[in-house]
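In what follows, every heavy atom counts, from backbone to side chain, and hydrogens, waters and symmetry copies are set aside. Lettering of chains follows the sequences in order, A, B, ..., and the numbering in each one begins at 1.
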Amino acid sequence: MKAHTDKTYDLQLDDLRNKLLTLGGYVETEIATTMRALTERDSKLAETVIGQDREVNRLEIEIDEACRRLLVLRQPAASDLRFITTALKIVVDLERIGDLAVNIAERAIDLNQSPPLKPIPDLSRLADLGQRQVRAALDAFVEADPDKAEQVIKNDDLLDSLYHNLVNELLALMMEDPRNIRRANSLLFVAKHLERIGDHATNVAEMVIYMVRGTDIRHPGSRK
Amino acid sequence: MKAHTDKTYDLQLDDLRNKLLTLGGYVETEIATTMRALTERDSKLAETVIGQDREVNRLEIEIDEACRRLLVLRQPAASDLRFITTALKIVVDLERIGDLAVNIAERAIDLNQSPPLKPIPDLSRLADLGQRQVRAALDAFVEADPDKAEQVIKNDDLLDSLYHNLVNELLALMMEDPRNIRRANSLLFVAKHLERIGDHATNVAEMVIYMVRGTDIRHPGSRK
Amino acid sequence: MNSLMARRAVNWIMTGLCGLALAIALVPLVSLLWLVISRGLAGLSWSFFTALPAPVGETGGGVGNAIAGTLYIVGIACLIGVPFGVGAGVYLAERGDTRLGDGIRFIAEVLSGVPSIVVGIVAYGLVVIPMRRFSALAGGVALAVLMVPTLARSTEELIRLVPHELREASLALGVPQWRTSLRVVLRTALGGIMTAILLTVARAAGETAPLLFTSLNNQYWNWRADQPTASLTVQIYNYAVSPYAEWHDRAWTSALILLLLVGSLALAGRLLSRRRVR
Amino acid sequence: MRPKVEVRSLNAWFKANHALRNVSLTVPANTVLAIIGPSGCGKTTFVRCLNRMHELVPGACQSGNVLVDGQDLHARRVDPVNLRRRVGMVFQRANPFPTMTIFDNVVAGLKLNGVRGDYPALVEKSLRQAALWDEVKDRLRQSAVSLSGGQQQRLCIARALAVDPEVLLMDEPASALDPIATARIEELIRGLRESLTIVIVTHNMQQAARVSDSTAFFYMGELIEHGPTEQIFTNPRESRTEDYVTGKFG
Amino acid sequence: MRPKVEVRSLNAWFKANHALRNVSLTVPANTVLAIIGPSGCGKTTFVRCLNRMHELVPGACQSGNVLVDGQDLHARRVDPVNLRRRVGMVFQRANPFPTMTIFDNVVAGLKLNGVRGDYPALVEKSLRQAALWDEVKDRLRQSAVSLSGGQQQRLCIARALAVDPEVLLMDEPASALDPIATARIEELIRGLRESLTIVIVTHNMQQAARVSDSTAFFYMGELIEHGPTEQIFTNPRESRTEDYVTGKFG
Amino acid sequence: MQTASEIATAAREPERPPESAPARVNVPDRVWSGSLLLLGFAVLAVAAIIVAELVHIGGPAISHTGVLAFVRNSVWDVTRDVFGALPFIYGTLVTSAVALVLALPISVGLALFLTEMAPPSVRSIVSFPISLLAGIPSVVYGLWGLFVLVPLLRRPIEPLLAKTLGFLPLFQGPPIGLGYLAAGIVLAIMILPTITSIAIEVLQTVPGTLREAALALGATRWEAIRVSVLPYARAGIVGATMLGLGRALGETMAVTMVIGNSPSIRASLFAPGYSLPAVIANEFAEASGDLHTAALAALGLLLFAVTVALNVAARLLVRISRRGPTRVAA
Ligand SMILES: Nc1ncnc2c1ncn2[C@@H]1O[C@H](COP(=O)(O)OP(=O)(O)OP(=O)(O)O)[C@@H](O)[C@H]1O
Ligand SMILES: Nc1ncnc2c1ncn2[C@@H]1O[C@H](COP(=O)(O)OP(=O)(O)OP(=O)(O)O)[C@@H](O)[C@H]1O
Ligand SMILES: [Mg+2]
Ligand SMILES: [Mg+2]
Ligand SMILES: O=P([O-])([O-])[O-]
């Protein structure tokens, strides 16, 4: 990429990009950790997730500030403007992914207080897929690669169908035995959260496409 | 408020503000309509919500574009900058509230295919509260009134506790009779969605406070 | 009717009239130069530059003493006039923004409009009366008095042409005022001032009136400042108003020499200023 | 819709210096075209070709066509004097006629052209159009140099408007003004679009972004890109444009 | 930390015109202070008071104190000539000495004061600091006027740096430059902060925002607000500042 | 953080500038200032000396004749110590008037042509001879006038004028050649470059954008000149004219050589006359006595007074017209 005449500008943009990547990295590990906490029934681990989310929140505010600073100091245009406004939006999604991981961690702590339910392999698969979607969306962002982003958007369907299967499975579990209801319900929410994580990854991917191509592909049905 | 030397600038800001209000209005009616569809078991009504959400999506893209235009054309600073970056963020929440209303509407259509469950007054109360929070947050935004916004943030606790009661109520309903599970589960998600609507209203309120006072009050625990 | 046609016609007529002005202005110039050159060249010889004037009826002779006298008188004038003229100009530019400066500038301006013949009278009173004789010094003083106000004004203008920012740049570097004036401002204006001096000298060399009763004239070589001294201009005048045709010829030849002298001074000044511009 | 101004492979030279290379673009009626580009890229030369002021420069020449309303400016029948009334111009530094009153400045163009008319009404109209009326209505008989820089520039705009041009060329009209006066001029430009077609040169990209409908980016005498302003500033096609608007030049 | 520059209730007059009213502020060492405000608000007057250039204007006078490193500029013992070497200045229009070479321009401050030293090394150091070395190292003996406007301005900065000042005042140093040259100067300013304290006047708010650590907003000779740059531009305390930075003035 | 209000309470704002002592200047700077001032006084000294000498030498003649009589009397008889300056004053005024009438339109036209109309090639070619014209010493003009112009006037110009415009007293009388007309024409040629060059300078200060402003409004080239250039340059052109007039009044040699040197007052331009500088030039060196010298010096004083008055008037005029809208605010 061509450098700006003003080197400091480049430094500031790089700084913003790095902050976003750091945030993405945190969020990814949060998902991984929280799922390990869930499957390994490790409440300590779950709590570390909650601690890590503080970092995420701090970074969110920092990124917002960095964006505003760039906007006011640099009057960015064209790709720079798209990058910065995208950053403003992406950060919301990433932070929300972090929150969802925290929610899952809270459920895990909750579940660890009751005896374990029978293992549900689809849940791990869902978590895996969600995490992979987040990573792929971030990769697409870093590499400014719209093709990768499109792949993320396509893969969301996979994630959705997995989620629906899981919901049915869990509902069946509830009907099997009312004693399962509370725990299965928790897992249901975990699944829901993972599905939302996938959605947020899709959002990021959509923003990446906008950022690179300059065309907004959100809500294809509702355009004027 | 003092006018800008450049009148067109004011017009463009007003236009953005109006778009946001329109969007808010849509979202509010969506919540109301969807709840009526649920309680009155009116699938037609539920479908209108889904239709209306297209408008919301269109407006979201329009608002994003308007913000970017203002950023590139006006180099806003101080309160103007805060207003525009806030708009960029608020619109995400509002659109998401719309989506959640749509989700509720889909659940309603679903539920209408089975016989009705016993009425759950807390659900309407929750819906009411959610809708009121959204309206209050928007009011705070329009009037640039941080006190109102603080009220919204405070009221979210009320909403949360109502939600938790409701969850327990619904779980109890499931345990009572496994045939309730599927429907109660749907209502559980409706409740969850309403709770999220409240959260998004809170987000809006937080952004309003930032916009007016220039201080970011999100994540008070995680600041540097 | 103010139609476009009429307006364009007016445009062309006015352009034509202005062009005509150029033609009219060039007629006397061409005529003068042609005569000076053609009639002047006719009498030109080496001895004309070196010999003393010949009496009526004799052929040959020259204006050697007049050429030398002009250079001599002008030299004296420069010695007196240049330091004062340039110095006063520096004063006006550097310290002239006061009431006093305004007054001095005003007076310099008025003085540069004083007829040269009047200055001749002054030099007469100043030098000739006390010394009781016409002298080269008196001529030099007259020319110097003429030079001072013009030089002061042009020096001031040239110094003022030096951007104010330059002076401030130097002061802001911690350079004292006097060094700033000498080494930055004057240094920058120097080329222009040299040109101004040359042009002023050229003008002085062409003056006749103030010399008529100061340095008067002399038929012989003279290198003493307290003696009457010949000068080219006075010589031309004397030749021209004489009743002898051969002296008229000598007037033309002398005029050619005077023009060459004045012209080369002016040309040198121009070349100097052109180099400066580049 | 037929474009108001159409430029077809315009080339311009100053002696041997090829200042404009093969520029073609069109300006629809009632729009504002902004010309941006680094210093010396030919912006001024370009607008000066549009009212044949370029040919006044000694040694200047040009090729190609400029059409206003479909009529070639260099057609035999076109008189540059007449043309310049239809294509007005406002310059970088405000240049009111210093010897005239405010009133006389506004009607100068009409008086020159021998147009009779209700001068007071016309002066009011033009000054209103230039958003200056309220500030000067009580001192129309004062000298034009008694106005501030920004007011003088608006006076020049009023003067250009008084002869009722169809196209207005502005060469960096606000570059000598402070931000407040600049904001006034920009607003004015957007207002004038209702009744005129405007071409404005500016070295200030944000200004171009604010006032124009379409933007043309010049570089070393070439037209690199011409498109809707929003596109040029948020999503240009050409990488050189992108580099320039994002500040990646040189 | 003791401030590098401290201004205490400074007032300045041009004859009866009260151009600065009771201005007090401090500039910490190694920071950049930007002065913004509408035309005629006293920005230039303010910086010229900081190196006693103000008193060179006929009829100008002042009251209050300016302290550099705690020492009052108007103390008896302080020689303004000496002071100006410690507090350098760069002007709006580049003003290299036209009769000197690039090399001589850089060392002018020393040579004119008769200071000896390793001139070549000093020239290289100053030109490197001013980010001009690479562009001119092969033609140090050429005349300074052969440089472009932006290069000339950097040359003037190098010249000011050569006398090793502690404070550098810049009065709209980039307003006569094109965007690219401006970007260079801005970067330079941020770099110089490592070794100097800088006060820069600019009518370009964005420029102030970009280069400075703190910003002071002047209006009609008064200091309205002085604070961290980011705060001034995103969240000013005073409504007049807010109005100015958001473009709501006049 | 300090805000305006805090500062305002912190210190009361002084309303008036302090009675400030002038800034302390170091010693070398003071020496420099002092020497400059001395040099500035040199100009004053020159002026004082001129006035003093003129009064000193010329005084006796004026006290002998009386100021009014000196100026009004038209008889100049050296042998009888009768000194009336009127013929010289008259001659000076007439020749200068003729010169102005002839030179002004041509100079302005020429200046306009060179600055506004001519292509630059012509401009650079022509500006050199014009500057030559300015540099030619007056005695050479006199030479030319005496040997070229005067014969031409004698025949055919003056007879032709008499035939066509002879009904005017100005153009009656025998065609001698030497006379007011010859002097006026030579003066016109001599002041032409003076006026032209100043006019060109003035025209060149007219901002180019002003010209373009008119052109861009649809003015022809001439209209642009009329509307924007000439009004702007008016004061300068008036100044140029007055300077030309000053030069004409004081010009000595050329006039001396062609005016005819006859102390009389005639209505006809063809008649020989005399001028102030001419009589000084002719008689000063060989004055017949102290009173004669004094009378000539008094003429010089008169000339000096007139030119000074003219210069003062020119400056004031320029100042007044500048107070009007002549300059774009800087
Ligand atoms: N009168 C002139 N004579 C010769 N060359 C000229 C003249 N005017 C401009 N040029 C050259 O033509 C080219 C284009 O100049 P132009 O003035 O159109 O640039 P510009 O884009 O307006 O620049 P700026 O932003 O500095 O005004 C430049 O290379 C310039 O040097
Ligand atoms: N040399 C001077 N003589 C008299 N008054 C002056 C002088 N310089 C400035 N002023 C006045 O002092 C006030 C402040 O001027 P100053 O030059 O400091 O303003 P500024 O903020 O630098 O403006 P700008 O942005 O136009 O440069 C103005 O009212 C101005 O008219
Ligand atoms: Mg230009
Ligand atoms: Mg200033
Ligand atoms: O925050 P969400 O409701 O979009 O998950």
Side-chain angles (χ1 to χ4, degrees), chain C residues 86 89-106 155-197 271-278, chain E residues 44 47-48 50-59 79-100 104-115 143-146 152-153 155-165 167-171 176:
Chain C
V86 172
V90 175
Y91 164 79
L92 286 177
E94 296 274 313
R95 294 287 182 280
D97 289 329
T98 57
R99 269 229 146 87
L100 178 66
D102 273 346
I104 290 179
R105 183 174 306 108
F106 184 78
T155 302
E156 179 193 1
E157 258 157 41
L158 286 161
I159 292 179
R160 283 192 187 271
L161 278 186
V162 176
H164 191 64
E165 292 86 35
L166 227 52
R167 179 192 314 273
E168 295 209 319
S170 175
L171 290 175
L173 285 174
V175 179
Q177 303 235 10
W178 66 279
R179 275 203 218 215
T180 300
S181 298
L182 280 178
R183 304 232 353 228
V184 174
V185 179
L186 269 181
R187 173 75 193 72
T188 309
L190 194 63
I193 294 175
M194 287 306 295
T195 302
I197 291 175
L271 287 181
L272 202 67
S273 69
R274 188 165 304 167
R275 210 187 54 205
R276 186 165 44 92
V277 166
R278 209 182 294 143
Chain E
T44 298
V47 289
R48 288 173 64 93
L50 299 190
N51 68 345
R52 293 186 56 178
M53 295 287 277
H54 178 65
E55 69 196 35
L56 294 176
V57 179
D79 177 26
V81 168
N82 228 335
L83 164 77
R84 291 188 197 117
R85 237 176 302 166
R86 287 171 56 208
V87 182
M89 190 157 189
V90 174
F91 301 82
Q92 177 165 10
R93 302 200 69 96
N95 53 2
F97 299 126
T99 50
M100 301 184 188
D104 286 343
N105 257 283
V106 177
V107 293
L110 300 173
K111 262 197 179 162
L112 289 175
N113 281 306
V115 178
S143 162
V145 288
S146 67
Q152 286 190 12
Q153 191 59 291
L155 178 62
C156 291
I157 295 174
R159 183 178 63 186
L161 294 176
V163 295
D164 198 20
V167 178
L168 191 60
L169 311 174
M170 306 178 118
D171 189 2

Locate the shortest heavy-atom distance separating [X] from [Y]; write the atom from each residue and the value.
X: E:R85; Y: C:L173; answer: CG-O, 3.1 Å
X: C:A172; Y: E:N51; answer: CB-ND2, 4.3 Å
X: E:P98; Y: C:T188; answer: CG-CG2, 3.7 Å
X: C:E165; Y: E:N95; answer: O-ND2, 2.7 Å

Worksheet entry | chain E contact via C:V184 - which portion, at a heavy-atom distance below 4.5 Å | side chain
Practice prompt. Tell me, for C:P176 versus chain E, whether the close heavy atoms (under 4.5 Å) come from the side chain, the backbone, both or neither.
Written response: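 Contact with chain E: backbone and side chain both.
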If I measure from the heavy atoms of chain C, does [X] come under 4.5 Å with its side chain, its backbone, both, or neither?
X: E:R159; answer: both
X: E:F97; answer: both
X: E:L110; answer: neither
X: E:N113; answer: both
X: E:V145; answer: neither
X: E:P165; answer: neither

Item to complete: Indicate yes or no: at least one non-hydrogen side-chain atom of C:T98 is less than 4.5 angstrom from one of E:P58.
Response: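 They are not in contact (no side-chain heavy atoms under 4.5 Å apart), so the answer is no.
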Worksheet entry | Side-chain touch E:L112/C:S170, heavy atoms, less than 4.5 angstrom |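 They are in side-chain contact.
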Worksheet item: How many angstroms lie between CD in C:E168 and CE in E:M89, if you round to the nearest 0.5 Å?
Response: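 CE of E:M89 is found 7.0 Å from CD of C:E168.
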Discussion item. Would you say CZ of E:R93 has more than 12 non-hydrogen atoms from neighbouring residues, nucleotides or ligands within 6.0 angstrom?
Written reply: no
